[in-house]
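Single-structure report; data block below.
Owing to the predicted nature of the structure, the values given are computational and were not obtained by experimental measurement. Letters go in sequence order (proteins before strands), and every chain restarts at 1. Note: hydrogens, waters and symmetry copies are ignored here, and every other heavy atom, side chains too, is used.
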Number of protein chains: 2
Amino acid sequence: MSPAAEPVPDKPTRREQILAAAAELFARHGFHGVGIDDIGSAVGISGPALYRHFRSKDAMLGEMLTAISEVLLDGGQTRVDSARGPHDTLGDLVRFHVDFALDNPALITVQERNLGNLTDPDRRKVRALQRRYVEIWVEVIRAAVPTTEEPTARAAAHAVFGLINSTPHSRHLDRAQMADLLTGMALTALTHAPL
Amino acid sequence: MSPAAEPVPDKPTRREQILAAAAELFARHGFHGVGIDDIGSAVGISGPALYRHFRSKDAMLGEMLTAISEVLLDGGQTRVDSARGPHDTLGDLVRFHVDFALDNPALITVQERNLGNLTDPDRRKVRALQRRYVEIWVEVIRAAVPTTEEPTARAAAHAVFGLINSTPHSRHLDRAQMADLLTGMALTALTHAPL
DNA sequence: CAGCGCGGTTAGCGACCACTAACCGTCATC
DNA sequence: GATGACGGTTAGTGGTCGCTAACCGCGCTG
């Protein structure tokens with residue numbers, strides 16, 4: 001067949017394969033619980049070959065977490081930019097985060113658990129991105145529920161992240177049901193609870 | 001002053017000191033990210049002295065997590081035993097878990113993140129205890145919101161755990177406000193969302 | 001006061017881990 | 001058809017980690 005003409009949805013590059021495998025392993029065993037050889041053999045190569053693609057193990061985690069944070073921030077900003085009204089925007093934001101969590105359970109887990117294993121510069125960068133993402137949520141929450149104080153909105157946003165990110169720890173429902181459940185609970189908690 | 005007559009609330013034993021320090025460290029750096037020497041120096045002794053109190057590093061984590069699971073299960077059972085009505089019982093359960101999470105952020109974090117670092121027998125034991133705790137929640141949820149299917153109730157329980165356990169990651173409010181916020185969000189999500 | 005258990009100490013051992021060194025086959029290009 | 005970038009390989013190295021060994025001072029108790 002003709003080369004490079006198939007409807008292949010972007011064959012993942014080796015770097016991406018490695019990051020995906022590493023994310024799975026980091027999520028299951030923790031950053032320090034995974035060896036360089038474990039990651040290598042998870043993608044069919046062995047051990048030090050990884051250093052053809054990454055400068056260090058720390059760099060893998062750093063790239064992984066900054067990528068996640070950028071995707072979240074970017075997606076959040078997009079939802080806000082196409083705002084139709086405060087309540088719809090909040091709904092879009094919730095649905096976006098729910099979809100991301102359901103589609104990337106390993107990444108969500110790593111971001112939640114392994115922030116402390118980043119190098120200092122990487123952690124600063126990721127923290128900054130995360131802060132901007134939270135600020136988006138704070139503004140949208142306060143637009144939808146105007147009586148909410150800013151610190152309360154921030155705490156509520158974190159609580160909703162916890163609710164949604166709990167996904168990886170429970171697989172009792174199928175994807176669609178889970179999405180509806182989490183979206184409903186998150187929106188109800190944000191808009192009907194006494195904040 | 002007279003020796004051993006003050007209102008000291010049970011001076012913590014050495015084992016307890018060690019477990020508390022280890023919990024803090026495990027929460028911050030992950031199980032494999034903490035060395036035996038780190039734990040030792042956190043309680044003022046150094047390194048291998050820990051082996052006078054625990055058989056291994058694994059045993060510390062094991063004892064820590066089984067203790068947490070037993071406290072939760074026990075507290076949950078107590079709340080159910082003194083039930084006055086479905087809604088009150090659910091409220092008691094939520095408030096109990098919120099209090100525990102706010103008072104023991106490190107323990108909650110360790111239980112969430114480091115279950116995978118337990119030895120197989122320890123993990124089985126902890127999992128069994130956790131399952132029983134979740135089943136308490138499932139029954140109470142279904143009593144308070146009778147239209148809820150069992151798998152949905154289980155997923156909702158996990159989601160609420162995620163919401164409440166998000167506490168350690170956000171300290172924007174003082175304890176009382178945080179307790180009210182989390183309790184309100186959890187109860188609203190459970191009883192007013194379309195489960 | 002001899003004996004001993006309790007809870008410390010330091011030194012060291014074997015395993016493992018992140019990473020480097022040195023080497024090699026496969027292409028694409030000139 | 002030589003060249004060199006690319007992405008692999010195996011062997012090895014320095015450092016760290018969990019744990020054991022050997023030793024020791026203190027406070028009970030018979």
Side-chain angles (χ1 to χ4, degrees), chain A residues 1-5 10-65 110 113-114 116-123, chain B residues 3-4 11-65 110 113-114 116-123:
Chain A
M1 55 183 70
S2 66
D10 261 14
K11 177 188 63 179
T13 159
R14 191 108 260 207
R15 286 177 66 86
E16 292 167 341
Q17 285 182 44
I18 294 171
L19 284 180
E24 212 75 48
L25 290 168
F26 290 165
R28 228 194 307 279
H29 307 289
F31 180 69
H32 291 296
V34 177
I36 231 58
D37 293 347
D38 300 325
I39 304 172
S41 65
V43 295
I45 68 184
S46 231
L50 296 172
Y51 290 87
R52 303 292 167 193
H53 304 277
F54 295 92
R55 272 185 21 260
S56 68
K57 192 184 162 196
D58 289 314
M60 290 183 214
L61 184 64
E63 190 161 322
M64 194 181 301
L65 290 198
V110 174
R113 298 184 187 179
N114 294 92
N117 299 122
L118 286 172
T119 64
D120 281 339
D122 279 342
R123 181 166 46 248
Chain B
K11 178 190 63 181
T13 161
R14 190 107 261 203
R15 286 177 66 87
E16 292 167 343
Q17 284 182 44
I18 294 171
L19 284 179
E24 212 75 48
L25 290 168
F26 290 165
R28 228 193 308 278
H29 307 288
F31 179 70
H32 291 296
V34 178
I36 232 59
D37 292 348
D38 300 325
I39 303 172
S41 65
V43 296
I45 65 183
S46 229
L50 296 171
Y51 291 86
R52 302 292 167 193
H53 304 277
F54 295 93
R55 271 185 25 260
S56 66
K57 191 185 163 196
D58 290 314
M60 291 182 215
L61 184 65
E63 190 161 321
M64 193 181 301
L65 291 197
V110 173
R113 298 186 185 175
N114 293 90
N117 300 121
L118 286 172
T119 64
D120 281 339
D122 279 341
R123 181 165 47 249

Stretch residues 32-53 of chain A: residues that reach within less than 4.0 Å of DNA chain C through a heavy atom: Val34(A), Gly35(A), Ile36(A), Pro48(A), Tyr51(A), Arg52(A)
How many Å lie between CZ on Phe54(B) and C1' on dG18(D), as a whole number? 16 Å
Could you state the atom-to-atom distance from CZ of Arg55(B) to C1' of dG18(D) in whole Å? 14 Å
Tell me, please, which residues at least two apart from Ser56(A) pass side-chain hydrogen bond (donor to acceptor under 3.5 Å, both in side chains). none
Leu65(B) vs Val110(B) side-chain heavy atoms within contact, under 4.5 Å: yes
For Arg15(A), which residues count as a salt bridge (charged side-chain N to carboxylate O under 4.0 Å, His left out) partner, sequence neighbours excluded? Glu63(A)
Could you state the interatomic distance from CE (Met60(B)) to CD1 (Ile18(B)), rounded to the nearest 0.5 Å? 6.5 Å
Do the non-hydrogen side-chain atoms of Ile39(A) and Phe26(A) ever get within less than 4.5 Å of each other? yes
Could you check if a side-chain atom of His32(A) sits within less than 4.5 angstrom of a side-chain atom of Phe31(B), using non-hydrogen atoms only? no
Rounded to whole Å, how long is the line connecting atom CG of Leu61(B) with atom P of dG18(D)? 13 Å
Is any side-chain nitrogen or oxygen of Arg14(A) closer than 4.0 Å to OP1 or OP2 of dC6(D)? no
